Amino acid sequence: MKEITAGVVAHVDAGKTTLSEAMLYNSGALRTLGRVDNGDAFLDPDRLEKKRGITIFSHQASLETGNTKLTLLDTPGHMDFASQTEQVLSVLDYAVLVISAVDGIQGYTRTLWNLLDRYSVPTFIFINKIDAATTEISNVMEELQSGLSQGCVLFDEFNADVYEEIAMQDDDALSQFLNDETLSDESIQKLINERKIFPCFSGSALKNSGINEFLAGFDKWTVEPNTSQSFGAKIFKISHDQGERLTWVRVTGGTIKTKAELFENEKVNQIRIYNGAKFQTVDELLPNQVGALTGLTSSHPGMGLGNQSSQAKPVIQPVLNYDLDPLDNDIHTCLTALRELEDEDPQLHVQWSNQLQQISIQIMGEIQLEIIQQLMLERFNLNVSFGQGKILYQETINESVEGVGHFEPLRHYAEVHLLMRPGEPGSGISINSDCSLDVLSSNWQHQVLSNLTSKVHLGVLVGAPLTDVKITLINGRGSNVHSVGGDFREATWRAVRQGLMMLKEKGADRLLEPWYRFKLVVNQTEVGRALNDIQKMSGEFDPPQNSELSDMVILTGVAPVSEMRDYAQDVRSYTHGQGQLECIPDGFKPCHNADDVIEKINYQPVSDLENTPDSVFCAHGAGYPVAWDDVPKMAHVPYATNL
């Protein structure tokens, strides 16, 4: 049998876990059909999930259908837990996107669609709740084709029209269809894997309708991925079960056996294959299998093993920052507990200020914050609170600059020249070298590049993380007698900050803030109030659209998180509970009130000694500090650019 790993993804309440439950039941993997609202769903085994009625963590299950052994990964549907979903996408052969026929494409649906495209995951679509929809399936398909892709094709009844619709999405397929008046199964499978075709099936997961047809279609149109002889695996999740740390992996080549040493002095103690809350232990994981390993402490989500490269920076980024109030608990005990939660979700970015004796975390929204509080109480017996949330800012640059850092206390020496250029929005920090080995040896260049990645570089406007910058090592100097590794670390970090200060003087640093993409549904009589509010919040909106519901109007657009985060309460008030507001993070964009934010935070970059832009030179047998703006005329190596 072919082995396939598939993930089920959806906007919250589309019926994702209910579909997973129905697939397990119809394939014979479950004897009884559980329900989310009854708290007995097989893939929501956690106590918090049963209590909330939503999926919070990703879970694994196994089933067989036709000639397919399917490993099913159910993922959270709420936007606040999107980082958990994104972790899973890199190990999937296929995804099943569940869309409610009642609600259609929603904001988070588009986010998921873009993520599936980013990770190149072939996707099947299950149109759920077709029994409750007031619209025809043809209308739903029109929405999918216009809102997602023209390649969305209904596979419910496979006839000549379906072949023709598929063929229209690819020139080679069209030629084959015109010659043969049909398409081979292999051609259709290839188009699915190339994400040119997205097979759509309809039904009702709750009524167990259309499930067998979907399983049969999934079995027919999926292809087992190729595997290599050399070892490779991807780590996509970290969890803790009764005190044991679990590293979840998907093997892409070779095998993982118990007692294998995957990291220095770290061996695999046990291999588990989970099915819901239960697991069986095995001696090895074979290619295409998913399992959880015990005994590892150096692993983290997104890490590649063997011939697999590590995952790039996640797309989903938190937008809010909260300070912890430990109440009556020891602050260090709270920090230890939060470090474990951060181990599972690195996007929490737990920060500890020894000077302030304060802990802060980064999150997506209020629901996630509530879950963290409950986890702290139930898992660690710590009753804690959090202060008022603050907006997370980022900084970038508008122009290119050559930053220079020099570090020369007595018997130390290093100078580093970095070319810093604006990157594409959302690209993060990219690092490379364009420096001759005759200028800096490979060892010194490696030290520069590794130190560029060893910390989060802060901007000089408000001290927020730097992003969307291309940093290239272009020049420098070391000493065979005096240079040691730490010298290049100091020179490299100072070069980044010195370049940012040069740009700040020219007004070429830029402050970024998180924005929401919103969908606001209000009564026709309230449209004027809503549009006025959006404009006051510095938002932008698309032309209003009439809803299928009588007298309701749909407004969509974007607005700063800082302005819209508390707007839902206002909507409930002026619409008397009839209006609806959905907000999805839409990335970081230029701050709408940058001058006010910079003035309020009053960050002093020169006073930030841990991130100083100044350099250290040596004269008369002693090192002395040189201010950042005096570095250009003091540098030992000529500037490589004329910026």
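Below, all heavy atoms of this structure are taken into account, side chains as well, without hydrogens, waters or symmetry copies. As the structure is a prediction and not an experimental result, all values here were calculated from the model.
Put simply, the side chain of Glu224 gets close to the backbone of Glu3: a donor and an acceptor are under 3.5 Å apart. A donor-acceptor contact shorter than 3.5 Å links the side chain of Gln189 to the backbone of Lys220. Proximity of a side-chain donor or acceptor of Lys207 to a complementary backbone N or O of Asp131 within less than 3.5 Å is not detected. Checked by atom type and distance alone, the side chain of Asn128 pairs as donor or acceptor with a backbone atom of Ala205 at under 3.5 Å. Between the side chain of Arg272 and the main chain of Phe279, no donor-acceptor pair closer than 3.5 Å is present. For the pair Thr5 (side chain) and Thr71 (backbone), a donor-acceptor distance under 3.5 Å is absent. Arg110 places a side-chain N or O within donor-acceptor distance of the main-chain N or O of Gly147, the cut-off being under 3.5 Å. At distances below 3.5 Å, not a single donor-acceptor pair connects side-chain atoms of Thr227 with backbone N or O atoms of Thr252. Remark: side-chain polar atoms of Glu563 are not paired, donor with acceptor, to backbone N or O of Pro560 under 3.5 angstrom. Between the Gln347 side chain and the Pro318 main chain, no donor and acceptor come within less than 3.5 Å of each other.
For the ring-ring contact (aromatic ring centres under 6.0 Å, His included) test, residues two or more places apart in sequence or in another chain that qualify with Trp248 are Tyr274. For the ring-ring contact (aromatic ring centres under 6.0 Å, His included) test, residues two or more places apart in sequence or in another chain that qualify with Trp113 are Phe198.
Between the side chains of Glu582 and Tyr108, no donor-acceptor pair of N or O atoms lies under 3.5 Å. At a cut-off of 3.5 Å, with distance as the only test, a side-chain donor of Ser187 or Gln176 sits close to an acceptor on the other residue. Side-chain contact check for Tyr119 and Glu86: at least one donor-acceptor pair (N or O, by modelled atom type) lies under 3.5 Å.
Closest non-hydrogen pair, Ala95 versus Val121, comes out as N-CG1, 3.6 Å. Leu555 approaches Ala530 most closely through the heavy-atom pair CD1-CB, 3.6 Å.
To the nearest 0.5 Å, atoms CD1 (Ile371) and CD1 (Ile363) are separated by 11.0 Å. From Ile130, atom CD1 reaches atom OG of Ser204 across 9.5 Å, with rounding to the nearest 0.5 Å. We find the CZ-OG distance between Arg245 and Ser299 to be 3.5 Å, quoted to the nearest 0.5 Å. Interatomic distance, Asp74 CG to Leu72 CG, rounded to the nearest 0.5 Å: 7.0 Å. One finds the CD1 atom of Ile584 at 5.0 Å from the OG1 atom of Thr111 (value rounded to the nearest 0.5 Å). For the atom pair NE2 of His300 and OG1 of Thr247, the computed distance is 10.5 Å after rounding to the nearest 0.5 Å.
Under a 4.0 Å N-O distance rule, the pair Arg250/Asp93 qualifies as a salt bridge.
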Residues 208-219, side-chain donor-acceptor partners within the protein, below 3.5 Å, at least two apart:
residue	atom	partner	partner atom	Å
Asn208	OD1	Asn26	ND2	3.2
Asn208	ND2	Asn26	OD1	3.1
Asn212	OD1	Asn26	ND2	3.0
Asp219	OD1	Asn67	N	3.0
Asp219	OD1	Thr68	N	3.4
Asp219	OD1	Thr68	OG1	2.6
Asp219	OD2	Asn67	N	3.4

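Taking the six-membered ring for Trp and thresholds of 30 and 60 degrees, Phe158 and Tyr163 have ring planes more than 60 degrees apart, a perpendicular arrangement.
With a 6.0 Å radius and a threshold of 12 heavy atoms from other residues, nucleotides or ligands, Glu378 has its CD atom above the threshold.
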